[in-house]
Amino acid sequence: MNLKRTDVDALNAVLTLEIEKSDYQEQVEKILKDYRKTASIPGFRKGKVPASLINKKYRVPVLVDEVNKLIQQKLNEYITEEKLNLLGNPLPKEQADIDWNGDNFTFDFEIGLAPEFEVEPSKIKGITAYEIKTDDKTINDQIDRIREQYGKLVSKDEVAEGDEVTGVFRNDEEEINTDATFPISKIKGKTNLKKFVGSKVGDSIELKTKNLFEDNSDLAHHLKIDFEKKDELNVPVTFEVTEVNTREKAELNQEFFDKLFGEGIITSEDELRERLREDAKKQFSQQTDQKFLTDVTEELIEKTKFDLPADFLKRWIANNGENTLTAEEAEEEYNKSEKGLRYQLIESAILQKNEDLQLKFEDLKEYAGTQIKMQMAQFGHTDATDEEVEQIVARVMSNQEEVKRMSEQLQNEKMLQYFKDNVKAKPKELTYEDFIKEAYQA
């Protein structure tokens, strides 16, 4: 068996594999002898079928199977020994029908080679490292929302701003007769709001459905109409007020702190504010980190120049899915995946030059342990023993899907830190609202 490589250019080559009779003959003969021992053919006793008949019936399929095994074995050995960095897999070249009655066979395979290039994150410019300000107003607003959430409802007779009303929407012609409860802050427009403020239990308010709520989906919810009709409905309705409640905010006391974080963990308003500030910073950092990573990725793809064996990859895509694609379909799929492929090559180049970024089993095991401890702490189990954690880690590490998920997550975290250390980004501090507007052009 002989294999030679012919380079077409820096990114494309052809592997020519020559298989001779001596490469497969012994194994083929062995299999045919075994078939003869067990073959059941009418007119012949078991084990007494003539060898010529066995050869005629089984030789070609056995030969094809053995030759295919030799092809895969030799290609894999060659790729490993030569340390070839391939894109896709070897693609058989079209050739005339093979004469399987012959002795020697030649097969040609196209291969696409990964390009060689340099990645220089330190030369990337124009990246912004956002940081969200957790100012006093943000913390005050959050405390107010939490106090309202954990507060209690106090019944009233008359509606005032900020109250919550319960009542019945009616329109006999449209067959609307539905109970609803909502804060009047959700009502849209000053005119509609004035109709509610000052009304009392038992009053009926005349309204129109069009532009009644700030969020039009509330109209579909409270009037129990088809969601698709929420923008079309424009009819008069009455709303009979049956109940008025105001939400009395929870007091900032130890009982409130314990409900939020567990007994004794937070003991003062100052500690509460600091905890909320830390939590907000963690929450916001996930979004700013993702924005930073996305921007760096896009810039690396744009600025790291290298060619790809595009024609080969399109042919490979066309012939390696569940269904064969047309040339046009393969090109469309290639265009969709090209950016992702380029970043995979860029990331691979970075990993090859930085061993500390490469995932090791112990790193993954330690990461799993940290994640498990954090999850247990969220449910109040803060005193888990090392043995307990190790048992859970062992179960998690035996799940391939979980290992894959954690590997991707840990690799992303390592790459993020690498880019933070190596990309010269311009820091910018702003409010969360301004971040959304600027970062996502909202």
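Here the structure is a predicted model, which means the values were calculated and not measured.
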Does [X] pair with [Y] as a salt bridge, N-O distance under 4.0 Å?
X	Y	value
Asp141	Arg145	no
Glu429	Lys133	no
Asp136	Arg277	yes
Lys4	Glu18	no
Asp144	Lys249	yes
Lys282	Glu278	no
Arg5	Asp7	yes
Lys414	Asp356	no
Glu402	Arg405	yes
Glu271	Arg275	no
Glu66	Lys69	yes

Could you tell me whether the side chain of [Y] reaches within less than 4.5 Å of the side chain of [X], counting heavy atoms only?
X	Y	result
Ile79	Leu86	yes
Glu131	Lys428	no
Phe435	Phe284	no
Leu260	Tyr150	yes
Tyr24	Met1	no
Pro309	Leu87	yes
Ile19	Val67	yes
Glu243	Val165	no

Separation between [atom1] of [X] and [atom2] of [Y], rounded to the nearest 0.5 Å:
X	Y	atom1	atom2	result
Leu219	Lys188	CG	NZ	11.5 Å
Ile127	Lys125	CD1	NZ	12.5 Å
Asn320	Arg315	CG	CZ	12.0 Å
Leu345	Leu308	CG	CG	6.5 Å
Glu251	Phe257	CD	CZ	10.5 Å

Exercise. After noting the C-alpha distance and the side-chain angles of Ile31 and Gln27, does the key distance pass the side chain to side chain contact (heavy atoms under 4.5 Å, CB included) rule?
Worked result: CA-CA 6 Å; Ile31 293 173; Gln27 183 63 15; 3.8 Å; yes
Exercise. Is there a side chain to side chain contact (heavy atoms under 4.5 Å, CB included) between Tyr35 and Lys57 once you walk through the steps?
Worked result: CA-CA 10 Å; Tyr35 276 19; Lys57 187 175 179 64; over 6 Å; no
For this session: Please find out if less than 6.0 Å separates the ring center of His221 from that of Phe182.
Result: no
For this session: Determine whether the aromatic ring centres of Tyr130 and Phe292 lie less than 6.0 Å apart.
Result: no
Exercise. Can Arg147 be said to sit on top of Phe256's aromatic six-ring, NZ or CZ under 6.0 Å from centre and within 45° of the ring axis?
Worked result: no
For this session: Have a look at Leu3 and tell me which of Ile71, Leu17, Thr16 forms a side chain to side chain contact (heavy atoms under 4.5 Å, CB included) with it.
Result: Leu17
For this session: Go through the steps to decide whether Arg273 and Glu269 satisfy the test salt bridge (Lys or Arg N to Asp or Glu O under 4.0 Å), and finish with yes or no.
Result: CA-CA 6 Å; Arg273 289 178 176 277; Glu269 183 178 345; 3.2 Å; yes
For this session: Applying salt bridge (charged side-chain N to carboxylate O under 4.0 Å, His left out), name anything that partners Glu329, two or more places apart in sequence or on another chain.
Result: none
Problem set entry | Residue pair Gln72 / Asn68, side-chain donor-acceptor N/O under 3.5 Å |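 Side chains of Gln72 and Asn68: no pair found under 3.5 Å.
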For this session: Could you walk me through whether Asn55 and Ser52 pass the side chain to side chain donor-acceptor pair (under 3.5 Å) test, one step at a time?
Result: CA-CA 5 Å; Asn55 283 350; Ser52 59; over 6 Å; no
Exercise. Going through the checks in order, is the salt bridge (Lys or Arg N to Asp or Glu O under 4.0 Å) test met by Glu118 and Lys353?
Worked result: CA-CA 10 Å; Glu118 291 292 326; Lys353 292 184 72 172; 3.4 Å; yes
Exercise. Is there a side chain to side chain contact (heavy atoms under 4.5 Å, CB included) between Lys123 and Lys424 once you walk through the steps?
Worked result: CA-CA 8 Å; Lys123 293 186 177 181; Lys424 297 174 183 176; over 6 Å; no
